[in-house]
Amino acid sequence: MEPYRVVEEAQGGRKLLVPYRGARLLAHPIYNKGTAFTPEERVAFGLDGLLPSAVGTIDRQAVRAHESIRRKEDPLEKYIGLSALQDRNETLFYRVLLDHIEELLPIVYTPTVGRACQRYSHIYRRGRGLWITPEHAGRIDQVLGNAPFDDVRLLVVTDNERILGLGDLGAGGMGIPIGKLAIYTAAAGIHPTRTLPLSFDVGTDNQALLDDPLYIGYRQRRLRGPAYDALLDELVHAIRRRFPRALVQWEDFKKGNAFRVLDRHRATLPSFNDDIEGTAAVALAGMLTGARITGIPLTQQRIVILGAGAAGVGIARLIRAELERAGLAGPALTAAIACLDSGGLLVDDRRIDDEHKREFTWPADLARAHGLADGPRDLAAVVSALRPTALLGTSGEPGTFPEPIIRAMAAATRRPVIMPMSNPSDLSEARPADVITWTDGRALLGTGSPFHPVPFGNRTIRIGQANNAFIFPGVGLGALVSEARQITQTMFLAAAERLAAEVDAHDLAAGCLFPSVAHLRRVTVAVAASVARAARDAGVAARPLDDAAIPAAIAAAMWEPSYLPMEPA
Ligand SMILES: NC(=O)C1=CN([C@@H]2O[C@H](COP(=O)(O)OP(=O)(O)OC[C@H]3O[C@@H](n4cnc5c(N)ncnc54)[C@H](OP(=O)(O)O)[C@@H]3O)[C@@H](O)[C@H]2O)C=CC1
Ligand SMILES: CC(=O)C(=O)O
Ligand SMILES: [Mg+2]
């Protein structure tokens, strides 16, 4: 591990201390400036003759790099091109990503990252981040010492078992931590040297991968049970020791491990599960924006969630917490949220072994009071009986919001909130153009993956993205600036409320539940400020900041992708 060092100069300038020269410097993505090395730097760092004559600027380089990405037609080729740029010159990669965030987020993130994860072993070029396997047991601390930089503040860790809605993708899941951290850097300005993607590669039960001669991962069936826990405990303690200031984001673990790992390590190190908690905050934000548009307060909404896994349970927990804060209690609180799994509505006259589902299981009496005593309790029956004002999908099953159900929603509610949140796009519970047609343009929509705007009548409807990308960068940034020791539920409530508040009057009038992704960086700063405040108020901030001090602390923590003058280290 090496330090990344920037020195402040007396005149207020900043210089980067660089430990490499010549070809090694050009090959280092963190320090490389390509054609933008100045004539003086070319002499000082032994680069003369290694670069063409013209001295470029990052602006011109960004135009060239963007042109070459645009020329590619296949999104997967664009992904490969962008990864190559990231591996060559990270500053330029982030500059291009930020300049074209709406166009490129669907490449580095959902939906294309899903395809990249599926094809990972076949498109693999170069390692990034760390891969921890059972072969490292007993020496994980030493392996963490091989990370390229020493002051890591943020890790995104996956065990690859539930990558988006695509299931167990083995070592290919690494595309997700890499993509999430790219969003952290683009949206929250976390410097790339402070981030570390980590694949907890404990094997795969995906037979096609095990049979693939090109598979790059740990070619064994998944480690499970106490051996899994012991390896993860070792990893967590090694992270604590090596990177004592780091926050960990657990990502795309399958439900059982997702809940267990989160609970087991919540107090060991600042950590959160993005699929359970980040997703919940984006869903709650969508509900709060919906309430702003319709004027129906959250406490009077009837909410149905299709999918009672990690995401669905997380959403139900956070919405319930918000409802409790608003004074709802008892049976009214229970009745406000109906959750369904593949067996239909969760009711206690059914056998439900999953303890997390039981948190949202209705007493049979409540189901009976709503006319759901006998007969099917599938989504169609539930929508017909409850006449919900909001329908959220976290099932990972495409087409599970079919026309009759959406039409029934629209018949009962003037402006129903409909959020098919499953990823990637092909797994969305419904396609926005259909939902808009079936509701005569009245639905308030949010989708997990990006969809093109939909023309309807004389207007074009922008589809808001109900994706945790609007939440986790602000939660991470707010937690880091306040040096939060734990990530609390109140921090996610604050993030959700702030995201909803960031939807402007124009978007509200147009019926958009979320801001445009083009504003991701501005929204992230706002969310981070609210999260830092919530961390302070919850008493978990080692650096409790006054409201007035928060904006400056956030601005100081954020990196802009531009080149610094260099000096030999
Ligand atoms: N937009 C966003 O920001 C996010 C979206 N997601 C997406 O949510 C999806 C689910 O993720 P996750 O919760 O982790 O997955 P899980 O596997 O934990 O949960 C899936 C749930 O859906 C239920 N289900 C599956 N098929 C049906 C069906 N036909 N009808 C009703 N219920 C069904 C399952 O039922 P059973 O329990 O009976 O098997 C289970 O309860 C993924 O596609 C993921 O990409 C996740 C995180 C963030
Ligand atoms: C967005 C996300 O985290 C997921 O689909 O898993
Ligand atoms: Mg996820």
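Read the numbers this way: they start at 1 and go in the same order the structure lists the ligands and their atoms. The figures that follow rest on heavy atoms only: side chains count, while hydrogens, waters and symmetry mates do not. We count residues from 1, following the sequence as given. Just so it is clear, the structure is predicted and the values come from calculations on it, not from any experiment.
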| field | Heteroatom distance test (T400, ligand 1): nitrogen or oxygen, under 3.5 angstrom | value | no
| request: Select one of side chain, backbone, both or neither to describe which atoms of N467 lie under 4.0 Å from any atom of ligand 2, heavy atoms only. | output: side chain
| What residue and heavy atom of the protein are closest to atom 42 (C) of ligand 1, and at what distance? | G165 CA, 3.8 Å
| Closest protein heavy atom to atom 6 (N) of ligand 1, given as residue, atom name and distance to 0.1 Å | M421 O, 4.0 Å
| Sub-3.5 Å N/O-N/O distance, A466 and ligand 1 | yes
| said: Counting non-hydrogen protein atoms only, what is the nearest one to atom 25 (C) of ligand 1? Give residue, atom name and distance. | reply: S395 O, 3.4 Å
| request: Have a look at S428, G396, S342 and point out the one with the heavy atom closest to atom 33 (C) of ligand 1. | output: S342
| Nearest non-hydrogen protein atom, atom 3 (O) of ligand 1 | N468 N, 2.9 Å
| said: Given G314, G307, A469, identify the one with the heavy atom nearest to atom 21 (C) of ligand 1. | reply: G307
| Which is it for D341 and ligand 1 at heavy atoms under 4.0 Å: side chain, backbone, both or neither? | both
| If you measure every N/O of A310 against every N/O of ligand 1, is any gap under 3.5 Å? | yes
| query | Does R162 reach ligand 2 with a nitrogen or oxygen that is under 3.5 Å from one of the ligand's nitrogen or oxygen atoms? | reply | yes
| request: Check the angle between the aromatic planes of H370 and W362 and answer parallel, tilted or perpendicular using the 30° and 60° thresholds. | output: tilted
| said: As an exercise, identify every atom of ligand 1 less than 4.0 angstrom from a heavy atom of K357. | reply: 36 (P), 37 (O), 38 (O)
| query | Does the N or O separation between G312 and ligand 1 drop below 3.5 Å for any pair? | reply | no
| said: Could you work out, for atom 28 (C) of ligand 1, the closest of E397, Q465, H356, R162 by heavy-atom distance? | reply: E397
| query | Which bit of D274 is near ligand 1, meaning a heavy atom under 4.0 Å away: side chain, backbone, both or neither? | reply | neither
| the Mg ion (ligand 3) - closest N/O/S atom in D275 | OD1
| field | Spacing of CD1 belonging to I293 relative to CG belonging to L513, to within rounding of 0.5 Å | value | 5.5 Å
| query | Any idea how W131 and Y120 line up, ring-wise: parallel (<30°), tilted (30 to 60°), or perpendicular (>60°)? | reply | tilted
| How close does the nearest protein non-hydrogen atom get to atom 5 (O) of ligand 2, and which residue and atom is it? | N423 ND2, 2.8 Å
| field | Any donor-acceptor N or O pair under 3.5 Å, side chains E497, S530 | value | no
| task | Please write down residue, atom name and distance for the protein heavy atom closest to atom 10 (C) of ligand 1. | result | T394 O, 3.4 Å
| Residue and atom name of the nearest protein heavy atom (relative to atom 16 (P) of ligand 1), distance in Å to one decimal | G309 CA, 3.9 Å
| note | When distances are taken from atom 41 (O) of ligand 1, the protein heavy atom at minimum range is A308 N, 2.9 Å
| request: Over 60° means perpendicular and under 30° means parallel, so classify the ring planes of F472 and Y109, tilted if in between. | output: perpendicular
| Location of contacts on D275 toward ligand 2, heavy atoms closer than 4.0 Å | side chain
| message | Under a 4.0 angstrom heavy-atom cut-off, which atoms of ligand 1 come close to G448? | response | 1 (N)
| query | With atoms numbered from 1 as shown, which atoms in ligand 1 lie under 4.0 angstrom from a non-hydrogen atom of S422? | reply | 7 (C), 8 (O), 9 (C), 43 (O)
| Short N/O distance, under 3.5 Å, between V282 and ligand 1? | no
| query | Does R415 offer a backbone N or O that forms a donor-acceptor pair with the side chain of T413 under 3.5 Å? | reply | no
| field | Contact (N/O only, under 3.5 Å) between D252 and ligand 2 | value | yes
| said: Under a 4.0 angstrom heavy-atom cut-off, which atoms of ligand 2 come close to E251? | reply: 3 (O)
| task | Using only N, O or S atoms, tell me which atom of D252 is closest to the Mg ion (ligand 3). | result | OD1
| M421 heavy atom under 4.0 Å from ligand 2 | no
| query | Can you tell which of T279, D275, L164, D354 gets a heavy atom nearest to atom 44 (C) of ligand 1? | reply | L164
| request: Identify, for atom 13 (O) of ligand 1, the protein heavy atom at the shortest distance, and state residue, atom and that distance. | output: A311 N, 2.9 Å
| request: Check whether any heavy atom of L427 sits under 4.0 Å from an atom of ligand 1. | output: no
| task | Give a yes/no verdict on whether any heavy atom in L164 is under 4.0 Å from an atom of ligand 2. | result | yes
| task | Answer yes or no: is there a donor N or O on one side and an acceptor on the other, between the side chain of D341 and the main chain of A308, under 3.5 Å? | result | no
| query | Within E251, is some N, O or S atom less than 2.8 Å away from the Mg ion (ligand 3)? | reply | yes
